[in-house]
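Down below is the structure, laid out as structure tokens.
The first residue of the sequence shown is numbered 1, and numbering continues consecutively from there.
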Amino acid sequence: MQVQFNSDHSVMGTENVAERIEAAVRDKLARFEERLTRVEIHVRDENGRKGGADDKVCTIEARPRSGNPIGVTAHASTVDDAARKAANTLAQRLERNFGKESKHKHEARPDKVL
């Protein structure tokens, strides 16, 4: 699973932001690693220097090997909290998505015997 991290200039002020968030997301999504080709993490500060409550946003998009991409967005007062919330939500959605996929998978029909 390839992980791509993107952020705006206002979020990168703290040390090791990308490494911390990427590690947390990888840890949360580890059980889906074989089923995903890529995960994109986008972190931004909506208010920039102005500040404000819940102005940090994390959007995570997972691309399953089969099917459409699944994306989630979370808001929080820190980028770490926003990433944690988004990763938790994405894990729930992937669990639901892959659960439905296996539930509705049909066995190949056996050949008819004459």
Say you draw a straight line from [atom1] of [X] to [atom2] of [Y]; how long is it, rounded to the nearest 0.5 Å?
X	Y	atom1	atom2	answer
Q4	E22	CD	CD	10.0 Å
T73	E61	OG1	CD	10.0 Å
I70	T89	CD1	OG1	12.5 Å
L36	R38	CG	CZ	11.5 Å
R44	S7	CZ	OG	12.0 Å

Problem set entry | All side chain to side chain contact (heavy atoms under 4.5 Å, CB included) counterparts of R84, not counting sequence neighbours |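 Per chain and number, R84 pairs via side chain to side chain contact (heavy atoms under 4.5 Å, CB included) with D81, N88.
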
Problem - Min side-chain heavy-atom separation V25-V3 under 4.5 Å - result: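 The answer is no; the side chains never approach within 4.5 Å.
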
- Message: Go through it in stages, so that I can follow the logic: the residues are V72 and R93, the test is side chain to side chain contact (heavy atoms under 4.5 Å, CB included), and I'd like the CA-CA distance, side-chain angles, deciding distance and then a yes or no.
- Response: CA-CA 9 Å; V72 298; R93 291 205 42 207; 3.7 Å; yes

Practice item. List the steps, then state whether side chain to side chain contact (heavy atoms under 4.5 Å, CB included) holds for M1 with V39. Key: CA-CA 7 Å; M1 170 177 77; V39 174; 3.6 Å; yes

Check: Are the charged groups of R65 and E34 less than 4.0 angstrom apart, N to O?
Finding: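 Salt bridge absent between R65 and E34.
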
Going by an N to O cut-off under 4.0 Å, is there a salt bridge joining E95 and R31?
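Looking at E95 and R31, the cut-off is met.
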
Nearest heavy-atom pair of [X] and [Y]: which atoms, and what distance?
X	Y	value
P64	N68	CD-O, 3.4 Å
F32	A91	CZ-O, 3.7 Å
P69	R63	CG-NH1, 3.9 Å
A86	C58	CB-O, 3.8 Å
D45	D8	N-OD2, 3.2 Å
A87	I60	N-CD1, 3.7 Å

With side chain to side chain contact (heavy atoms under 4.5 Å, CB included) as the criterion, how do V43 and N6 come out once you've worked through the C-alpha distance, each side chain's angles and the decisive distance to 0.1 Å?
CA-CA 6 Å; V43 180; N6 300 302; over 6 Å; no

Can you hop from I21 to V57 via hydrophobic side chains spaced under 4.5 Å?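 No.
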
